[in-house]
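The structure under discussion appears below in the form of structure tokens.
Here, residue 1 is the first one in the sequence, and each next residue gets the next number.
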Amino acid sequence: MRKLIGVGLIAISFNVLSAPKSELWSYWQQSNEASTVKVSHQQWQAILDTYLVVEGQHHLFRYSAVTAQDDARLNNYLSNLAQQNPHQLSKAEQYAYWVNMYNAITVDLILQEYPIKSITKLGGLFSFGPWDEEVITVNGKELTLNDIEHKILRPIWNDPRTHYAVNCASLGCPNLQLKAFSAQNSEALLEQAAIDFINSDKGVLVKGNKLNVSSIYEWFSVDFDVDGGVKSHIEKYRTNLPAISGSFSYDYDWSLNEKK
């Protein structure tokens with residue numbers, strides 16, 4: 001086990017000033033809209049079916065129950081993704097490819113170091129979690145989780161709902177979806193994920209006429225400008241909100257999304 005800074009201390013440094021910006025890595029913009037290639041996500045779906053459970057507002061992962069066979073299945077799935085050339089996929093197929101890759105890598109990173117209490121315990125001594133570590137090579141390019149989220153998904157698709165699709169293995173995070181993303185179901189999954197998160201206490205908690213919202217809306221507030229800002233985005237998916245006075249308060253729970 002690598003020696004790391006404790007969750008409480010390191011979490012203080014992760015704020016709106018240090019949240020990664022959306023910065024396009026132009027190499028990954030290319031797609032093939034005439035392509036009929038479909039990437040199989042069946043192995044990832046089998047993992048989700050076996051180990052992801054619903055408990056209240058949370059989707060919890062049974063990390064402790066993962067067998068050696070399924071761990072190998074997960075690694076085989078990621079190897080298959082790494083051998084794909086995303087440039088030869090349609091844009092819709094690419095979106096599912098990157099989201100599923102991000103989520104599968106995150107689960108794999110937790111399994112490599114399990115048992116742990118938080119993903120923030122991964123990474124180097126002065127790192128906040130594993131997001132800047134190179135975790136997969138695609139088309140000869142070494143990628144980090146931050147590359148996938150902030151240099152590919154966010155800038156290419158410019159869809160704030162992506163924050164509900166990628167999962168950081170934490171209770172405060174939008175849930176890991178029960179279904180693997182595909183070109184066919186991404187829109188429906190994104191809409192339902194937005195509804196579920198914004199109507200959960202971890203997404204938007206009503207306290208009188210004030211709202212305590214997920215820190216995602218502070219860290220990445222600029223992404224929600226396409227919907228008229230954070231407030232308008234929230235109101236788009238939740239209609240029973242009181243008249244809001246003052247600014248939001250923010251909260252995030254970095255505890256592992258674990259089913260014990």
Side-chain angles (χ1 to χ4, degrees), residues 14 19-25 27-29 31 39-48 51-52 59 61 63 73-86 89 91-113 118-120 122-123 127-139 141-170 172-183 185-187 189-190 193-194 197 216 219-220 223 254 256-257:
F14 190 75
K21 295 180 180 179
S22 177
E23 296 180 330
L24 176 64
W25 187 346
Y27 174 81
W28 300 106
Q29 274 189 300
S31 65
V39 179
S40 174
H41 301 292
Q42 290 181 350
Q43 289 181 305
W44 176 230
Q45 185 62 62
I47 296 291
L48 296 173
Y51 299 107
L52 193 60
H59 293 177
F61 200 91
Y63 298 102
R73 175 185 289 180
L74 179 59
N75 281 292
N76 185 63
Y77 169 68
L78 288 171
S79 294
N80 289 340
L81 291 186
Q83 292 168 22
Q84 294 283 339
N85 178 0
L89 304 175
K91 197 173 179 184
E93 196 71 27
Q94 285 178 352
Y95 188 84
Y97 170 88
W98 292 118
V99 168
N100 290 330
M101 176 187 287
Y102 185 103
N103 291 336
I105 288 173
T106 299
V107 168
D108 186 56
L109 289 173
I110 297 296
L111 290 174
Q112 288 178 34
E113 299 292 342
S118 170
I119 192 171
T120 61
L122 302 183
S127 299
F128 182 85
W131 294 286
D132 282 322
E133 294 185 352
E134 292 170 345
V135 288
I136 197 166
T137 303
V138 180
N139 284 13
K141 310 290 186 182
E142 294 182 333
L143 296 170
T144 69
L145 288 175
N146 273 343
D147 290 334
I148 296 171
E149 182 177 5
H150 308 297
K151 296 183 180 180
I152 300 174
L153 284 167
R154 287 174 65 202
I156 292 178
W157 280 271
N158 194 30
D159 189 334
R161 298 174 302 171
T162 293
H163 292 293
Y164 309 129
V166 292
N167 181 266
C168 68
S170 302
C173 187
N175 286 321
L176 179 61
Q177 295 302 298
L178 299 171
K179 296 294 183 182
F181 279 74
S182 70
N185 72 10
S186 287
E187 178 62 26
L189 284 181
L190 288 171
F197 188 66
I216 286 173
W219 298 332
F220 306 111
D223 289 10
W254 285 106
L256 189 65
N257 62 340

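Applying the salt bridge (Lys or Arg N to Asp or Glu O under 4.0 Å) test to D159 and every residue at least two apart in sequence or in another chain returns R161. Under the side chain to side chain donor-acceptor pair (under 3.5 Å) criterion, Y164 pairs with Y217, H233, sequence neighbours left out. Partners of N158 according to the side chain to side chain contact (heavy atoms under 4.5 Å, CB included) rule, which considers only residues two or more places apart in sequence or in another chain, are V226.
Side-chain atoms of N80 never come within 3.5 Å of backbone atoms of H41 as a donor-acceptor pair (strictly under, hydrogens ignored). Put simply, the side chain of D147 gets close to the backbone of T144: a donor and an acceptor are under 3.5 Å apart. Between the side chain of N175 and the main chain of Q177, no donor-acceptor pair closer than 3.5 Å is present. Under a 3.5 Å cut-off, the side chain of S182 and the backbone N or O of N185 do form a donor-acceptor pair. In terms of modelled atom types and a separation under 3.5 Å, the side chain of E142 and the main chain of T137 share no donor-acceptor contact.
Separation of the H163 and F220 ring centroids falls under the 6.0 Å cut-off. Aromatic pair F128/W254: centroids less than 6.0 angstrom apart.
Side-chain contact between W131 and P20 is absent, with no heavy-atom pair separated by less than 4.5 Å.
The two residues W28 and Q94 have their closest heavy-atom pair at O-OE1, 4.4 Å.
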